[in-house]
Number of protein chains: 2
Amino acid sequence: MISIKEVTKQTGITVRTMRYYDQIDLLRPAGKTEGGHRLYGEKEIKKLQEIQFLKTIGFGLQEIKEMLADENHDWFAGLKNQLDYISKEKERLGQIEGTLRGLINEIMLNGNIDLSNMQKLIQLYQQNMDKREGYLNQTFNEEESKLLQSLPNINREDPETLEWIALIAQLKKHMSKGISSPEIQRLIKRMYEKEQEDFGDNKEFIEKVWEIRKSPQKSESAGFYPIDSETLNFFEEAYEFYLNKKGNL
Amino acid sequence: MISIKEVTKQTGITVRTMRYYDQIDLLRPAGKTEGGHRLYGEKEIKKLQEIQFLKTIGFGLQEIKEMLADENHDWFAGLKNQLDYISKEKERLGQIEGTLRGLINEIMLNGNIDLSNMQKLIQLYQQNMDKREGYLNQTFNEEESKLLQSLPNINREDPETLEWIALIAQLKKHMSKGISSPEIQRLIKRMYEKEQEDFGDNKEFIEKVWEIRKSPQKSESAGFYPIDSETLNFFEEAYEFYLNKKGNL
DNA sequence: ACACAAAATGACGCAACATCAACTTCAAGT
DNA sequence: ACTTGAAGTTGATGTTGCGTCATTTTGTGT
């Protein structure tokens, strides 16, 4: 028989928790001293560890209490149930994660953001949840819809998208250096090459996409990252500059 | 001005919740009738939607209150923080999921599953987990982490870094196509060029960084984007291949 | 016998509401 | 003007798993 302090040393569980478990009748002490101090034995320690384990896999104390009390508990069903629950929770977090990444990406593209901007973004996001598909399917045919996936669009976390974001963000960062600066021209070159790789010679499609980007509203309902017009204009100028230079060689 | 019931109809939020938000000063009604009934306007509905959104991405009401009240709130940092938190939670759930699957498998294999069996299983599992933790904590010393801290601030905020991440992620995605595939070689080429641009002749630094990247744990504590050894090896091979081909031209 | 550690009980706090309970106010119909 | 029922109000209490006081007893070593 060991004291409550000993238990906490052996298991890492706090005194308060032990008393609480006693209180809710989850784990009673094996006995008490005359003065009323709790005393625990081997059996209780083991049970305590079981409780701890069942807690880590997400069960609540009430459930645990019932599970351990019931000799005929259906562990298989219980665990499957729990697995189900945990999986769903994980999936939910996954979606939240995606949304967060999307928002963070947007901020990276747009630079610093204040409250009112954020409010707009949030509302945009909410609307987009269901609106998006409708508009997209109208404007693009199926093949193009597939290609679209590789463009920066909300909620995607794949590497191709990430690189577009990175490129545009860099463009923005170096914008002050002017369209003819080597940094910008290198970036444009990379964007040009990536465009070729990702979309090949599908010129029409590319133009459609840029067409959409030019209109913030269309962008919005298509679920693209809205690129601000300043950056967009800068890009177009730099792009033309690049093509000209290339043509002259 | 609309009644509280109208609000619940439009937003799906319950009356109780509205009153609670009023109580905690998160969202006051725009006004009240003589009798004291709450009245809301457009502005409040919008704010309510923002609150709902921020809630879905996991923020607490107190945080939300502060975020919306503070004109100069750093949304970027806040969201990144939240993403971090959510990611960790997701990972935790992933581990629980794994444990649950393991237990379920064991039960399926062993058939009989009464309380005492389950208790043994549980204790077995717990011991394994303890061992794992001990093992992880050993592999680390203080000096190393200090070295890592002193390296330049490489994190995800910087567009240049973001592109490295994008490139490596793409590399990983196309890994199955082999080091000599055109996709991979194009990526390697871009990486080579970017390396030249970003670091020029500062070879030492690059090597230090790659050295750290080779250890997943070091990477993690340095705040680097962790690259698994498989990808790393693949990169090295593909890089050599690229340099060879280039040398031959 | 006295000091000091360890233990006890009890109460409040947290987060985000749900759920009564007991009244009051609003809008509509007679 | 009066009634009625729906809708609104405040207030209290419960939920989960303890942490954190505050206050009082018990256990132990000298």
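In what follows, chains are A, B, ... by sequence order, proteins preceding strands, each numbered from 1. Nothing here was measured: the structure is a model prediction, and the numbers come from that model.
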Nucleotide [N], atom [atom2] - distance to [atom1] of [X] in whole Å:
| X | N | atom1 | atom2 | result |
| --- | --- | --- | --- | --- |
| A/Ile2 | C/dA6 | CD1 | P | 15 Å |
| B/Lys32 | C/dC26 | NZ | C1' | 16 Å |
| A/Gln23 | C/dA11 | CD | C1' | 11 Å |
| A/Ile13 | D/dC18 | CD1 | C1' | 12 Å |
| A/Met18 | D/dG17 | CE | P | 16 Å |
| A/Phe59 | D/dG17 | CZ | P | 13 Å |
| B/Leu26 | C/dA15 | CG | P | 13 Å |
| A/Arg38 | C/dA8 | CZ | C1' | 7 Å |

With a 4.0 Å limit, can you tell me whether [X] has a side-chain N or O closer than that to the phosphate oxygens OP1/OP2 of [N]?
| X | N | answer |
| --- | --- | --- |
| B/Tyr21 | C/dA16 | no |
| A/Ser3 | C/dA6 | no |
| A/Tyr20 | D/dT16 | no |
| A/Thr17 | D/dG17 | no |

Kindly give the heavy-atom pair with the smallest separation between [X] and [Y], and that separation in Å.
| X | Y | value |
| --- | --- | --- |
| A/Lys32 | A/Pro29 | CE-CG, 4.4 Å |
| B/Leu27 | B/Lys47 | CD1-CD, 3.6 Å |
| A/Met1 | A/Ala30 | CE-CB, 3.7 Å |

So [Y] and [X], do their side chains get closer than 4.5 Å, heavy atoms only?
| X | Y | value |
| --- | --- | --- |
| B/Lys5 | B/Thr8 | yes |
| A/Leu48 | A/Tyr21 | yes |
| A/Arg38 | A/Tyr40 | yes |

To the nearest 0.5 Å, how far apart are CD1 in B/Ile64 and NZ in B/Lys55?
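B/Ile64 atom CD1 to B/Lys55 atom NZ measures 7.5 Å (nearest 0.5 Å).
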
Report the distance from atom CG of A/Leu83 to atom CD1 of A/Ile57, rounding to the nearest 0.5 Å.
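It comes to 10.0 Å.
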
Can you tell me which nucleotide in C/dA7, D/dA7, D/dG19 comes closest to the side chain of A/Lys5?
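In terms of side-chain proximity for A/Lys5, the closest of C/dA7, D/dA7, D/dG19 is C/dA7.
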
Assign a letter to each nucleotide of nucleotides 20-30 of chain D from its 5' end: B, base within under 4.0 Å of a protein heavy atom; S, sugar-phosphate only; -, no contact.
B-----SS---

Through what angle, rounded to 10 degrees, does the axis of the helix from C/dA1-D/dT30 to C/dT30-D/dA1 turn between its ends, using five pairs per end?
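The end axes of the helix from C/dA1-D/dT30 to C/dT30-D/dA1 are about 30° apart, to the nearest 10°.
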
Under a plain distance cut-off of 3.5 Å, with no hydrogens placed, do B/Thr11 and B/Gln52 share a side-chain donor-acceptor pair?
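Short answer, no.
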
Using only heavy-atom distances, determine whether the side chains of A/Gln95 and A/Glu91 contain a donor-acceptor pair under 3.5 Å.
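No.
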
Relative to the 5' end of DNA chain C, which residue comes earlier, B/Gln62 or A/Asp22, by the nucleotide with the nearest heavy atom?
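Upstream on the strand: A/Asp22.
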
Would you classify A/Ile24 as touching base, sugar-phosphate or nothing, given that sugar-phosphate means primed atoms plus P, OP1 and OP2, and contacts are heavy atoms under 4.0 Å?
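Result for A/Ile24 = nothing.
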
